[in-house]
Amino acid sequence: MTDLATPRAADTSHVDAKTAELDIRGMTCASCALRVEKALAKVPGVSGASVNLATEKASVEADASVAADTLVAALVAAVRKAGYDAQPVVEAPLSASDAAATSAELAIGGMTCAACALRVEKALAKVPGVASASVNLATEKAAVTTNGAVGIDQLIAAVTKAGYQATPLAADAADAGTAPVDRDKDALARQAVRRELGAVVLCALLTLPLIVPMVAEPLGLDAMLPASLQLALATVVQFAFGARFYRAAWKAVRAGSGNMDLLVALGTSAAYGVSVYQMALHPGDTMHLYFEASAVVITLVRFGKWLEARAKRQTTDAIRALNALRPDRARIVVGMQEHEVPLAQVRVGMVVAVRPGERVPVDGAVLQGRTHIDESLITGESLPVPKQPDDRVTAGSINGEGAITVTTTAIGAETTLARIIRLVETAQAEKAPIQRLVDRVSEIFVPAILAIALVTLTGWLLTGHDAETAILNAVAVLVIACPCALGLATPTAIMAGTGVAARHGVLIKDAQALEIAHQIRVVAFDKTGTLTVGQPSVTAFDAAPGIGRADALALAAVVQRHSDHPLAKAVVKAFEAAPEALASASTLPAAGEARAVAGRGVEADIGGETVAIGSSRWLRERDAALPPALAQRAHELEAQGNTVSWLMKRGNADAPAEVLALIAFGDTLKPGARAAVERLSRMGVTSALVTGDNEGSARSVAAALGIDEVHAQVLPSDKARVVHDLKIRTSSVVAMAGDGINDAPALAAADIGIAMATGTDVAMHAAGITLMRGDPALVADAIDISRRTWRKIRQNLFWAFVYNLIGIPLAAFGLLNPMIAGAAMAFSSVSVVTNALLLRTWRSSR
């Protein structure tokens, strides 16, 4: 909540302040987080501190004059003195020569199923000094956190020993200068998908002659190929196009584990081997050859892998779309000349020219010019936003009709766009808590399938069936198993959900926030800046009897015209919106120098008279006669939470002060605030108002919005307590939506914090969800996206388990042909990814 009389300062933290981040250990509740926050705030030079209990991290903002090493040491000491442990977070990438780094990200190659991801994870976790490791099958990335000096070479060696490939990812991937690299990676990914399609087509062409006889036989046609030709076609498919399965299977066996490739390699080799054996045993007999089974399975699995890769690429559309917003070059202004330079050469403080139709290359403030900026891909705002001098612009947005110059305030990895990309990438890379269950299943999945296949083979042989039947049924068991579907069910849904959220202006910090948000049943709103505009406006202007309203309003504007006070700006804005007042002002003489009177108001000399605008206290001190109608009106407006000021002429010995008009100031509701609260109610979510404003103002806003529960005059330190009480009293998941520094403790105390990006950085650090526009309707959007994503996760896991629970018994009992089993296995992973991609069609129900 921001005081009406105090304008919010422009966010220049990236210019005149430095930030530090700490890992906090030992916290158990919101009280702990508040205690740590208070301890950090007391460190000399600290201007703001926020502690997130859920992530166990503290974000601290300090004056730029404080040395970084001194600041970090003082912060760690303060936390330890408060009874907790703290370690600085270092975001630099790990390298063999950089022992101080604590985190690294690797691109992993060669994974094909959930078992692969789990094996890489375990291999990394065994490296001495590694605190945690998380591998995401969908993004093919590993995130590693260490608590000691661990070189990147050690991590790569561990992955290689496990049978996979690893390459380090740059920690500054969000830097604008890496945009061409990102586009190169995307081009390589497209080429890989095209190559896979080419292989599938060739594989299908070789397999087709083996299938045609099967289709033709029921029609009375004999199109059976000679055994030698079947062998030739099947051999090429088995050992050329199926070589990838053998390589991956061998690596898995060498590492002492199994994966999907092992199942495919064993199953198809068994079918191929039986056919070769029968061909040698009965030359010229084509009745007992099963070359088509092995070839079809390999073709279908590779086809499924192509569809999967194509679909998985679509889940990262959000990241690619954001990366595409980053221009490569900027036009800097030096003197009267413009010079086009690579974006990496632009520095904070430089002036950048942006022509109509161009993308804004940096974060900054408009120096000259007026225009409209399209920010839709960043904030989700569909309409262009008007910009004038001093307004902030964001890198990646598109300039409209006017040429502007922009003073650079942030570049590279510090721009809003880069931060958005980092947040989305982090959320997509993390595992949801439910994934732990899937990991446990995946760990025993392949060994269990191998055991079931062995039991199937033995069982059919013991019941008197021939070896061919037993082997084919065992092959069907091997190829119906779907470990890929299990591994992709959760991460693909999270990637699609966080991606669509980002496109609509909702940034979800991590998978845990996404999983919690779907359970929200109560949202506690801050008032000023969240549900209201956060800037004062004239809510009533009533002239005294006998005085024209237009004349009085013009007089008030003349007094306040040259003041920068928020209330003065509100008066001038009301004046400019009244045509009749504008006409009246043309007849007024210019005002003399305005003089501020501490605690009272402001006065100026106009046409030989002293005209003042001030508080009720000043009015009483001047002993001005107050008309009864205005006195009653003032009482009503104050009861509604408005601040009342008075326009008056200063009295003297001959004449008392004269009241000319009543001016009421109040904060206006955001246009979509009431609709947002009503939509939450329809979704089964209760809204509450938690504000530091007075009771009258809070009740007035709550009544206008349809909010029943109001907590007014709540001190910033008590907001967390109110949120905690809400959680206990309602026994439900509670979210807190706010935008100010004073909301940070409450955002941390809530089950999930929702911060407005139009507010402070501290609030955003404390929140699990950030709304890129100051639109409260996005709160309902965030909950809706979370619910739909959670629904997709459950659907995907259901289908992944159903494929196996139904398909494996059918195959074991001989009710499933190996080719059908192969098709089911291939399309199981495709189905879960495609189902997740349906989230991309989400639209707000507003």
[X] to [Y] - nearest heavy-atom pair and separation:
X	Y	result
A698	A712	CB-CB, 3.7 Å
V46	A41	CG1-CA, 4.1 Å
G364	T409	CA-OG1, 3.3 Å
R633	A540	NH2-CB, 3.7 Å
L507	A502	CD2-CB, 4.1 Å
T407	G349	CG2-O, 4.2 Å

From [atom1] ([X]) to [atom2] ([Y]), nearest 0.5 Å:
X	Y	atom1	atom2	value
F525	L689	CZ	CG	9.5 Å
D551	L660	CG	CG	10.5 Å
R773	H504	CZ	NE2	9.0 Å

Do [X] and [Y] have side chains that get closer than 4.5 Å, going by heavy atoms?
X	Y	value
I404	K387	no
T371	E401	yes
T415	V362	no
L637	L662	yes
F541	V571	no
K719	D526	yes
I373	N399	yes
R355	E338	yes

Do side-chain atoms of [X] reach the backbone of [Y] as a donor and acceptor pair under 3.5 angstrom?
X	Y	answer
S47	E61	yes
R674	A704	yes
T532	K527	yes
T539	A664	yes
R359	G396	yes
K670	G529	yes

Check: With distance as the sole criterion, is a donor-acceptor pair present between the side chains of T394 and D363 under 3.5 Å?
Finding: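 Not at all, the side chains of T394 and D363 share no donor-acceptor pair under 3.5 Å.
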
Item checked: Stepwise side chain to side chain contact (heavy atoms under 4.5 Å, CB included) test for E636 and Q632 -> CA-CA 6 Å; E636 294 172 355; Q632 178 61 30; 3.4 Å; yes

Checklist line | Candidate pair R679 and D781, rule salt bridge (Lys or Arg N to Asp or Glu O under 4.0 Å), full reasoning | finding: CA-CA 10 Å; R679 183 176 168 215; D781 285 349; 2.6 Å; yes

Checklist line | Worked check of side chain to side chain contact (heavy atoms under 4.5 Å, CB included) between V406 and V351 | finding: CA-CA 5 Å; V406 175; V351 177; over 6 Å; no

Next item on the list: Decide yes or no on side chain to side chain contact (heavy atoms under 4.5 Å, CB included) for L367 and V333, but give the supporting numbers first.
Entry: CA-CA 12 Å; L367 184 64; V333 179; over 6 Å; no

Next item on the list: Output, in order, the C-alpha distance, side-chain angles, deciding distance and verdict of side chain to side chain contact (heavy atoms under 4.5 Å, CB included) for V677 and V523.
Entry: CA-CA 9 Å; V677 172; V523 177; over 6 Å; no

